[in-house]
> 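This is the structure I want to talk about, given as structure tokens.
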Amino acid sequence: MIGDPASGDFAPRLLRWFDRHGRHGLPWQHPRTPYRVWLSEIMLQQTQVATVVPYFLRFVERFPTLPGLAAASTDEVMAHWAGLGYYARARNLHAAAKRCVERHGGELPQDFDALHALPGIGRSTAGAILAQAWGGRRAILDGNVKRVLARWHGVEGWPGAPAVEKRLWALAEAHVEHVPDGRMADYTQAQMDFGATLCTRANPACLPCPVREGCSALHEGRVDALPTPRPGKPLPEREAVALLLENARGELLLQRRPPTGIWASLWTLPQADTDALMRRWFAREADGDYDAAEELPLIVHTFSHYRLRLQPRRLRKVAPRPGVGDNEDLRWVTRTELAALGLPAPIRKLLDSL
DNA sequence: AAGTCGGGGTA
DNA sequence: TACCCAGACTT
């Protein structure tokens, strides 16, 4: 029967393919310690391998161990994450490291529920860590696996819909039962390599596919139609004003974002939703002529759920009020210090262009 | 069930 | 441009 999970052939065939054609030289595989597996899984959430690799290498060089990460400051952790996106991941990673030191003897717990209870570790990531770090018989369900299983089993519906996702989890767990002992780490990696290199979203390579026999989508001629795409939605727009203030020494005034929300815990330019609010903030914090500010090129930045139109305005030789700009969340920064701080990518780009 | 969180790859 | 990606968390 096409796409029948009871046909138990799926996992062994995928493993045979992985041994010859899988990715065996990724940095978190050498050495494959629980801490490095965990870090890689967090960084790889919604982020492609090629993007993650340089961040991973810099991160483990600075924070080689879990206790070392737990002992680091928020600023330094964020600085090593800046540019990677989804900054809640870094905050959760740091919090989870501290909790491991407090409750688990400075190591990751091997128990699924304890792992799942750590911030930033959901069902799929917990499974991936258990399988890759200790060979646990646990399923994963990331974007790759969803796409592969939707095709192989001919599952209709957008995989983000809870009912569809539930069905896919059941299929993923059924396949895990047919993985040979001692090969869970390889099987987990094999699924991701297969989805990333052969069973890709566009132009999948069905000819050399190791599981083409038994693939429902291929059999039905629906490979390009599965998985069902997300239902469309219009993208709302928001506007904001940012202020680039320089003092007589050429330092810039930066503000730390709150620990939640957009660009959480990153340093960025003082920002307000409207020009009037920005003007009010300036009158409170500094002395000078706000209307003398020079308009810099508009920054249009697209997030997953809205588009931000950010108008930067530049004002030089600003005289700050006494006491302003020397506290934890608002401070003057030299060009040299800028490099060590975590800045959102579009803000970094703007400052680099000056 | 829908919304919140980025930056980059790809067509 | 629009969609997607090694998801998790909040409401």
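A, B, ... follow the sequence lines: proteins, then strands. Residue 1 opens every chain. Just so it is clear, the values below take in all heavy atoms, side chains as well, and ignore hydrogens, waters and symmetry mates.
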> Would one find a side-chain N or O of A/H301 under 4.0 angstrom from OP1 or OP2 of B/dG7?
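True: A/H301 side-chain N/O within range (under 4.0 Å) of B/dG7 OP1/OP2.
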> A/Y55 ring centre to A/R58 NZ or CZ under 6.0 Å, with the angle to the axis within 45°?
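Yes, a cation-pi geometry holds between A/R58 and A/Y55.
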> Is A/Q48 near enough to B/dG8 that one of its side-chain N or O atoms lies under 4.0 angstrom from OP1 or OP2?
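No, no such contact exists.
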> Atom CG of A/L266 to atom P of B/dG7: distance rounded to whole Å?
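In whole Å, B/dG7 P and A/L266 CG are 8 Å from each other.
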> Is any side-chain N or O of A/T125 closer than 4.0 Å to OP1 or OP2 of C/dA8?
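Answer yes for this pair, as a side-chain N or O of A/T125 is under 4.0 Å from OP1 or OP2.
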> Need one value for A/Q189: base, sugar-phosphate or nothing, where a base atom within 4.0 Å counts as base even if backbone is also close, heavy atoms only.
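Base, at least one base atom sits under 4.0 Å.
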> Compute the centroid of each ring, for A/H94 and then for A/W81, and state whether the two points are separated by less than 6.0 Å.
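Between A/W81 and A/H94, which both carry aromatic rings, the centre distance is not below 6.0 Å.
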> Say you pick atom P in C/dT10 and the same atom in B/dG6; how far apart are they, in whole Å?
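C/dT10 and B/dG6 have their P atoms separated by 15 Å.
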> Let's see if you get this right: which residues in residues 21-31 of chain A place a heavy atom under 4.0 Å from DNA chain C?
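Of all residues in residues 21-31 of chain A, the ones placing a heavy atom under 4.0 Å from DNA chain C are A/R23, A/L26, A/W28.
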> Please determine, by modelled atom types, if A/D275 and A/Y290 share a side-chain donor-acceptor pair under 3.5 angstrom.
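Judged by distance alone, the side chains do pair up.
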> Checking A/R147 against A/N144: is there a side-chain donor and acceptor pair closer than 3.5 Å?
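Side-chain D/A pair, A/N144 to A/R147: present.
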> Please list, pair by pair, any protein nitrogen or oxygen found under 3.5 Å from a nitrogen or oxygen in nucleotides 1-4 of chain B.
none

> Between A/G143 and A/R230, which is nearer to the 5' end of DNA chain C once each is assigned its nearest nucleotide?
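Nearest-nucleotide comparison on DNA chain C picks A/R230.
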> State which of B/dG6, C/dC5, C/dA8 makes the closest approach to the side chain of A/R89.
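Selected nucleotide (nearest to the side chain): B/dG6.
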> Roughly how far apart are A/L218 CG and A/L226 CG, rounded to 0.5 Å?
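The distance works out to 11.5 Å.
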> Quick one: A/I42 CD1 to B/dC5 P, roughly how many Å, whole number?
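Going from CD1 in A/I42 over to P in B/dC5 covers 19 Å.
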> For A/E41 and C/dA8, give me the distance from atom CD to atom C1', rounded to whole Å.
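In whole Å, C/dA8 C1' and A/E41 CD are 13 Å from each other.
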> Taking only the P atom of each, what is the distance from B/dA2 to C/dC4 in whole angstrom?
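B/dA2 and C/dC4 have their P atoms separated by 16 Å.
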> Rounded to whole Å, please give me the gap between CH2 in A/W81 and P in C/dA8.
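Value for this atom pair: 13 Å.
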> Assert yes or no for the condition that the ring centre distance of A/F194 to A/H21 is strictly below 6.0 Å.
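Centroid distance A/F194-A/H21: not below 6.0 Å, so no.
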> At 4.0 Å (heavy atoms only), tell me whether A/T47 reaches a base, stays on the sugar-phosphate, or touches nothing.
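The residue A/T47 makes base contact.
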> Given the rule that I, L, V, M, F, W and Y join up when any side-chain heavy atoms are under 4.5 Å apart, are A/V211 and A/V223 in one cluster?
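No; tracing contacts between hydrophobic side chains, which count when under 4.5 Å, never links both residues.
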> More 5' along DNA chain B: A/Q46 or A/R201, using each one's nearest nucleotide?
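It is A/Q46 whose nearest nucleotide is closer to the 5' end.
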> Within the supplied structure, the quantity of interest is the number of heavy atoms (other residues, nucleotides, ligands) at a distance under 6.0 Å from A/R103 CZ; does it exceed 12?
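Check fails, neighbour count at 12 or below.
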> Can you list every ring pair (Phe, Tyr, Trp, His ring centres under 6.0 Å) pair that touches residues 118-144 of chain A, not counting sequence neighbours?
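As it turns out, there is no ring pair (Phe, Tyr, Trp, His ring centres under 6.0 Å) pair with a partner in residues 118-144 of chain A once direct neighbours are skipped.
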> Answer yes or no: are there more than 12 heavy-atom neighbours, outside A/R280 itself, under 6.0 Å from its atom CZ?
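It does not: A/R280 CZ has 12 such atoms or fewer within range.
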> Return no unless some side-chain N or O of A/Y55 is found under 4.0 Å from OP1 or OP2 of B/dG7.
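The answer is no; no side-chain N or O of A/Y55 sits under 4.0 Å from OP1 or OP2.
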> Given the rule that I, L, V, M, F, W and Y join up when any side-chain heavy atoms are under 4.5 Å apart, are A/L14 and A/I140 in one cluster?
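Yes, it is one cluster - the side chains of A/L14 and A/I140 are joined through contacts under 4.5 Å.
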> May I ask you to decide if A/L168's main-chain N or O and A/E173's side chain share a donor-acceptor pair within less than 3.5 Å?
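Checking the backbone N and O of A/L168 against the side chain of A/E173, no donor-acceptor pair under 3.5 Å is found.
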> How many Å lie between CZ on A/R307 and P on C/dC3, as a whole number?
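After rounding, the gap between these two atoms is 11 Å.
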> Toward the 5' end of DNA chain B, which comes first, A/N203 or A/Y306, by nearest nucleotide?
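Counting from the 5' end, the first nearest nucleotide belongs to A/Y306.
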> For nucleotides 9-11 of chain C, list the nitrogen or oxygen atoms of the protein found under 3.5 Å from its nitrogen or oxygen atoms, one pair per line.
residue: C/dC9; atom: OP1; partner: A/G120; partner atom: N; Å: 2.4

> For A/R89 and A/I42, indicate whether the former's side chain and the latter's backbone hold a donor-acceptor pair under 3.5 Å.
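Yes; judged by distance alone, with no hydrogens or angles, the pair exists.
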> Rounded to whole angstrom, note down the P distance from B/dG3 over to C/dC3.
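It works out to 15 Å between them.
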> Using a cut-off of strictly less than 4.0 Å between a heavy atom of the residue and any atom of DNA chain B, enumerate the qualifying residues of residues 343-354 of chain A by number.
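Heavy-atom contacts with DNA chain B come from A/P344, A/A345, A/P346.
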> Quickly work out the A/L115 CG to C/dG7 P distance and round it to whole Å.
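Answer to the nearest Å: 17 Å.
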> Between A/W38 (CH2) and C/dA8 (C1'), how many Å, whole number?
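Computing the A/W38:CH2 to C/dA8:C1' distance gives 14 Å.
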> Side-chain N or O of A/W263 less than 4.0 angstrom from OP1 or OP2 on B/dG7?
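Checking A/W263 against B/dG7: at least one side-chain N or O falls below 4.0 Å of OP1 or OP2.
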> How far apart are the C-alpha atoms of A/H80 and A/E61, what are their side-chain angles, what is the distance that settles it, and do they pass the side chain to side chain contact (heavy atoms under 4.5 Å, CB included) test?
CA-CA 10 Å; A/H80 282 78; A/E61 182 171 7; over 6 Å; no
> Only pairs under 3.5 Å count here: list side-chain donor-acceptor contacts from residues 343-354 of chain A, not counting sequence neighbours, and write none if there are none.
residue: A/R348; atom: NH1; partner: A/L338; partner atom: O; Å: 3.1
residue: A/R348; atom: NH2; partner: A/L341; partner atom: O; Å: 2.8
residue: A/S353; atom: OG; partner: A/L350; partner atom: O; Å: 2.6

> Whole Å only: how far is the CD atom of A/E237 from the P atom of C/dA2?
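It works out to 10 Å between those atoms.
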> What does A/Y86 touch in the nucleic acid at a heavy-atom separation under 4.0 angstrom: a base, only the sugar-phosphate, or nothing?
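It contacts base atoms.
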> Do A/R249 and A/W332 meet the cation-pi criteria used here (NZ or CZ under 6.0 Å from the six-membered ring centre, within 45° of the axis)?
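No, A/R249 and A/W332 do not form such a contact.
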